[in-house]
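All heavy atoms count here, side chains included; hydrogens, waters and symmetry mates do not.
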Amino acid sequence: MYQSNVPSPSLDLALIGNCAIGALIDAHGDLLWCCLPRFDGDPVFHGLLGSAGDAADGRWAIELEGCAQTEQAYDPGTAVLRTRLTDADGGAIEIADFAPRFRQHDRMFRPAQLVRRVRPLAGHPRVRIRLRPRADWGARAPVLTRGSNHLRYVFADFALRLNTNAPITYVAEETWFSLHAPVSLLLGPDETLAGAVEETARAFEEQTIDHWRRWTRRLALPLEWQEATIRAAITLKLCQFEETGAIVAALTTSIPESPDSGRNWDYRFCWLRDAFFVVRALNSLAEVGTMEDYLRWLHDVVRVADGHVQPLYGIALEHALPEREVPQLPGYRGMGPVRAGNAAFAHHQHDVYGNIVLGAAQAFWDRRLFRRADAQDFALLEQAGEQAFRVYDQPDAGMWELRTRARVHTSSALMCWAACDRLARIAGLLGLAARDRLWRSRAETIRARILQAAWSDKRRAFAASFGGDELDAGVLLMAEVGFLPAQDPRFVSTVEALEATLADGPFMRRYEEADDFGRPQTSFTVCSFWRVDALARIGRAAQARECFEALLACRNGAGLLSEDIAPATLELWGNFPQTYSMVGIVNGARLLSVPWSSVV
């Protein structure tokens, strides 16, 4: 178990969830973040971003009197978290945290409910439960009402019910009390439990553990780094809103990319770019269910699009995601602003068309799927391909979502090429010879244009934009998506130029040119993993392994990564947990691991 004696100023948080909701819990067992009734909802627990009033507001703390040490770990292969608190006299308790998830009545049971089970382990521990949900981003406190075995937290638009066998007076009044026997707390919709509290909580825990262990057991893991890969895979799955199939980029908003940078954005939406990488990583582990669910959502995105496709949408297909600041919350470690919504929905980011086609391509070949893609699906994807060919050499905001300038970004043109290239392959599979020829011709047109316009003789590298000389780590994807062989001298030279300019040890920044906020101060974690991939592909496997191990060492105690890492301090920054970063763990482990045949 990971051990901690003092609170960490970094993102030392663990994730629990069930593909309907997600919550973040710190090393001391304080639940600091949870949006309800879904990922992009009101943060009923907003303690991660500070408080509009008392510091305990927006938190759910289970405290041990005189706590001197904490230990925390997941049950292996699950999303069930256990936190052990020990006092100076040896008294100890364990908190088991999870969100129920298991099959029931031939469907997945995943209520918007959090379960916390507390049991004494040693001595005579005294505990205090401080449950303070808030609404309207911390601005409104609930009216508290009591039942025989429950408390209701009533807001203007909704109510939460806490079913518990703990003394409800002690919970309501936040009184210290001796813990003589296990207690369970189930917080969720204002509904009566079908059974007794303790029996229900125990059954939920057992069935949730069984579900996750069976899910993990089906993963096609690499031989090395199995625990890291499992934790990454579970985390990626927990970022899918299963009801619709959308995948959020992260579960938080407004964690700054670097201290006091103002780079505070809301990532609780589905970027088609990020979602493609998640689907691809999980597919590589033989977990294709996530792709099937995502393609349901993606199909509706493309079907209603009129040529232009937004780079992101709401998890229930919302098109407009207006951005606003939330003044009542001070922000993570006081580093506001806190933002809700993301103005990038209005951007033109042309790589999105490649992400659409790449995200769906496997469905045409994979015979495990309940519904393989067919000619009608191909016709729908051709709409994205048509737009990709129309705009590949037109200025856009780029994959890094620059807000004040537009250029013809090489990474955007690259993904437009990928859209045409994969459409040709799909057409060949479907026996559509004329469409195969058309898309191959278009892919070759784009390829020739990239090779001519993106190459910088000055830098001996592919540049960030057509006709430019500035560098951007996004071009590292050239080998991964098959645009160039990894051994092509131009790609090798590009990797070397990027290392000389953007790398700081194993860490890599996104780009060298100043943007709307100046020059980036932290490394962008997925770019560091892209470098690992590139190093392995060009034959520098030993260095790739060194960099990969260094990145794994930056994970927090729960095995999770955020968006950014500060190279000087190794501190995590940016929204959390970041799917991009967790994808890098899966991809790196698969690429670098020795094969199973070496030991069996």
Side-chain angles (χ1 to χ4, degrees), residues 7-17 22-27 30-35 39-52 55 58-59 137-138 235 238-239 248-269 271 274 312 321 323-344 400-401 507 509-510 515-517 520-528 554-567 569-584:
S8 170
S10 189
L11 291 167
D12 199 9
L13 305 168
L15 168 67
I16 62 169
L24 298 176
I25 298 170
D26 73 10
D30 286 5
L31 196 153
L32 302 181
W33 184 258
C34 183
C35 298
F39 297 149
D40 58 351
D42 194 351
V44 171
F45 296 105
H46 56 75
L48 186 61
L49 299 181
S51 174
R59 293 173 174 246
W137 294 81
T235 303
L238 290 178
C239 288
V248 295
L251 290 174
T252 59
T253 178
S254 304
I255 310 299
E257 296 176 13
S258 57
D260 295 306
S261 64
R263 300 173 186 265
N264 300 17
W265 312 113
D266 191 347
Y267 279 9
R268 301 170 301 148
F269 310 111
W271 272 258
D274 302 52
L312 69 151
L321 304 169
E323 187 174 298
R324 64 185 176 91
E325 293 189 6
V326 180
Q328 62 265 31
L329 293 179
Y332 176 70
R333 294 165 60 177
M335 298 178 189
V338 172
R339 292 188 173 100
N342 197 306
W400 307 127
E401 305 186 333
F507 308 107
R509 298 182 298 281
R510 286 176 288 180
D515 60 18
D516 313 339
F517 295 84
Q521 299 301 306
T522 52
S523 67
F524 200 72
T525 305
V526 74
C527 294
S528 302
C554 293
R555 293 173 299 156
N556 70 8
L560 308 183
L561 286 169
S562 64
E563 182 180 31
D564 304 87
I565 299 172
T569 63
L570 305 186
E571 190 169 5
L572 302 181
W573 290 92
N575 281 308
F576 179 91
Q578 181 79 4
T579 53
Y580 249 167
S581 302
M582 304 307 292
V583 161

| said: Do Cys527 and Arg509 have side chains that approach each other closer than 4.5 Å (heavy atoms only, starting at C-beta)? | reply: no
| N/O donor-acceptor pair under 3.5 Å between Asp40 side chain and Phe269 backbone | no
| Applying the side-chain hydrogen bond (donor to acceptor under 3.5 Å, both in side chains) test to Asn575, which of Asn264, Asp266, Thr252, Thr253 qualifies? | Thr252
| query | Which atom names give the shortest non-hydrogen contact between Pro567 and Ser523, and what distance separates them? | reply | CD-N, 4.1 Å
| Results of salt bridge (Lys or Arg N to Asp or Glu O under 4.0 Å) for Asp42 - residues two or more places apart only | none
| request: Specify the closest pair of heavy atoms between Cys554 and Leu572, including all atoms of both residues, with the distance to one decimal. | output: O-CD2, 3.5 Å
| query | Do the non-hydrogen side-chain atoms of Arg268 and Cys35 ever get within less than 4.5 Å of each other? | reply | yes
| said: Under the salt bridge (Lys or Arg N to Asp or Glu O under 4.0 Å) definition, can you give me all pairs with a residue in residues 558-567, not counting sequence neighbours? | reply: none
| note | Pro520 and Arg263 have their tightest heavy-atom pair at N-NH2, 3.7 Å
| request: Measure the spacing between CG of Leu32 and CD1 of Ile25 and express it to the nearest 0.5 Å. | output: 8.5 Å
| query | Backbone N or O of Thr522 within a donor-acceptor pair of the Ser258 side chain at under 3.5 Å? | reply | no
| field | Test side-chain contact (heavy atoms from CB on, under 4.5 Å) applied to Phe507 and Leu570, step by step | value | CA-CA 10 Å; Phe507 308 107; Leu570 305 186; 3.5 Å; yes
| note | Interatomic distance, CZ@Arg510 vs OG1@Thr525, rounded to 0.5 Å, equals 10.5 Å
| message | Ignoring hydrogens, what is the shortest heavy-atom contact between Ala558 and Leu13? Give both atom names and the distance. | response | CB-O, 3.8 Å
| remark: Residues Gly22 and Leu251: closest non-hydrogen pair is CA-CD1, 4.5 Å
| note | The reported gap from OG in Ser562 to CZ in Arg555 (rounded to nearest 0.5 angstrom) is 13.5 Å
| For the side chain of Asn556 and the backbone of Leu11, is there at least one donor-acceptor N/O pair under 3.5 Å apart? | yes
| remark: So OG of Ser10 and CZ of Phe576: to nearest 0.5 Å the spacing works out to 8.5 Å
| Taking atom CG of Leu48 and atom CG of Leu31, what is their separation to the nearest 0.5 Å? | 10.5 Å
| field | Partner residues of Trp33 under the ring pair (Phe, Tyr, Trp, His ring centres under 6.0 Å) criterion, sequence neighbours left out | value | none
| query | What are the two closest non-hydrogen atoms of Leu329 and Leu49, and how far apart are they? | reply | CB-O, 3.8 Å
| task | Mind checking the CG-OG1 spacing from Asp274 to Thr579? Nearest 0.5 Å is all I need. | result | 5.0 Å
| field | 4.5 Å side-chain heavy-atom contact, Tyr332 and Ser254 | value | no
| query | What do the steps show when you test Met582 against Leu560 for side-chain contact (heavy atoms from CB on, under 4.5 Å), and what is the final call? | reply | CA-CA 7 Å; Met582 304 307 292; Leu560 308 183; 3.9 Å; yes
